[in-house]
*Asks:* 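My questions will all concern the structure given below.
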Amino acid sequence: MYSVKLNNNRDFPVLGVGTLFATKEGEAEQLVKDAIDIGYRHFDTAMVYRNEKEVGAGIKAKISEGVVKREDIFLTTKLWCTYHRREKVVEACKTSLSNLGLEYIDLYLIHSPSAFKEGDDFWPKDSDGKLMIEYVDYVETWKGMEECVKLGLTKSIGISNFNSQQIDRLLKAATIKPAANQIECHPYLNQAKLIAFCKEKGIIITAYSPLGSPNAIAKETTQAPLQDPKLQELAKKYNKTVAQIILRYLIQHGTVPIPKSSNKKRLQENFDIFDFEISKEDKNAIDALNKNIRICLFTGTEEDKNYPFGIEY
Ligand code: A2P
């Protein structure tokens, strides 16, 4: 598996597997085992996905079988919004580690700059059904993240869904620089400006919803990138599928995509992207498909001072 270097010199495999919505019993564990057999070494989960236990079980099963060693695997998980107070971060990280059944995390991310009311409910609502935002400065949260590194709970730390202004502010206060920013990125939201900004700061972009989350988007619109005529034309030209064109494009675009699939055939399909290269001209044509369509809006957090999507990038 090809890797890029994080700013702390650790290897970050350029293609991973996402696990959001892999919540049916046994689904995430099977997905991870299938993916390891195919050759994937990079997995992405989060406390809020409620599948850390299964993701960890899949990894441990393949370690027990002797297929991989722990150090061959790159595992990302994320701090949920109800744990943003500095004092709560280490506790949350330890809970994730206990769920995973692993000794360390490779990359621990702040899932979102917004904080919610603390408690057992991941999506706390008031009596009117309104999401209960509770402001915490993400710089405070970051101090807790740095503590997780110092305690050896995670090798690297990073952020997710942060905009350029938030990153700038965080960098001024950080003693450990964020290694990655995980953001929604696909041909209809290609994030060119935020990618360039992060590159300059030495922060790698992980691309979530790289295929445009076709099942989620279908509810709102029929404009899924997988149905895009130009991408279909390129798929024919390169004798690849549209998904393969998108994933290859995202890697050439400088990001690390993490497509989710619970289907072994599609996991294999998404992995078979290292035997071709998209020409500069065709890459430019894909760049031109950008429509700034965002799927993952963090609905209910728009009024938060830390809402990240209110500025251009
Ligand atoms: P499935 O799990 O049944 O394969 P994203 O990562 O952008 O959120 O997209 C994930 C969605 O895309 C899942 O619903 C997944 O369904 C589907 N998917 C994953 N890989 C492919 C592919 N190669 N072709 C079509 N759909 C795919």
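Counting starts at 1 for both ligands and their atoms, following the listed order. Because the structure is a prediction, the values reported are computed rather than measured.
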*Asks:* Check the side chains of Asp44 and Gln182 for a donor-acceptor pair under 3.5 angstrom, ignoring hydrogens and angles.
*Replies:*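 Gln182 vs Asp44: donor-acceptor pair found between side chains.
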*Asks:* Under 3.5 Å, N/O to N/O: give me all the pairs between ligand 1 and the protein, one per line with atom names and distance.
*Replies:*
| residue | atom | partner | partner atom | Å |
| --- | --- | --- | --- | --- |
| ligand 1 | 2 (O) | Lys260 | NZ | 2.8 |
| ligand 1 | 2 (O) | Ser262 | N | 2.8 |
| ligand 1 | 3 (O) | Arg266 | NH2 | 2.8 |
| ligand 1 | 4 (O) | Ser261 | OG | 2.5 |
| ligand 1 | 4 (O) | Arg266 | NE | 2.6 |
| ligand 1 | 4 (O) | Arg266 | NH2 | 3.3 |
| ligand 1 | 6 (O) | Lys260 | N | 3.0 |
| ligand 1 | 7 (O) | Pro210 | N | 3.3 |
| ligand 1 | 7 (O) | Leu211 | N | 2.8 |
| ligand 1 | 7 (O) | Gly212 | N | 3.4 |
| ligand 1 | 7 (O) | Ser213 | N | 3.0 |
| ligand 1 | 8 (O) | Ser213 | OG | 2.6 |
| ligand 1 | 14 (O) | Asn215 | ND2 | 2.7 |
| ligand 1 | 20 (N) | Asn270 | ND2 | 3.0 |
| ligand 1 | 23 (N) | Glu269 | OE2 | 3.1 |
| ligand 1 | 23 (N) | Asn270 | OD1 | 2.8 |

*Asks:* Only pairs under 3.5 Å count here: list side-chain donor-acceptor contacts from residues 306-313, not counting sequence neighbours, and write none if there are none.
*Replies:*
| residue | atom | partner | partner atom | Å |
| --- | --- | --- | --- | --- |
| Asn306 | ND2 | Pro113 | O | 3.3 |
| Asn306 | ND2 | Val136 | O | 3.3 |
| Tyr307 | OH | Leu297 | O | 3.3 |
| Glu312 | OE2 | Lys193 | NZ | 2.6 |

*Asks:* Report the relative orientation of the aromatic rings in Phe116 and Trp80; use parallel for angles under 30°, tilted for 30 to 60°, perpendicular for over 60°.
*Replies:*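 If you compare the ring of Phe116 with that of Trp80, the planes turn out perpendicular.
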*Asks:* By salt bridge (charged side-chain N to carboxylate O under 4.0 Å, His left out), which residues pair with Glu303, not counting sequence neighbours?
*Replies:*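 So Glu303 forms a salt bridge (charged side-chain N to carboxylate O under 4.0 Å, His left out) with Lys130.
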*Asks:* Which residues pass the salt bridge (charged side-chain N to carboxylate O under 4.0 Å, His left out) test with Lys230, sequence neighbours left out?
*Replies:*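 Lys230: salt bridge (charged side-chain N to carboxylate O under 4.0 Å, His left out) contacts with Glu233.
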*Asks:* Any side-chain heavy atom of Ile110 sitting closer than 4.5 Å to one from Lys78?
*Replies:*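 Not in contact.
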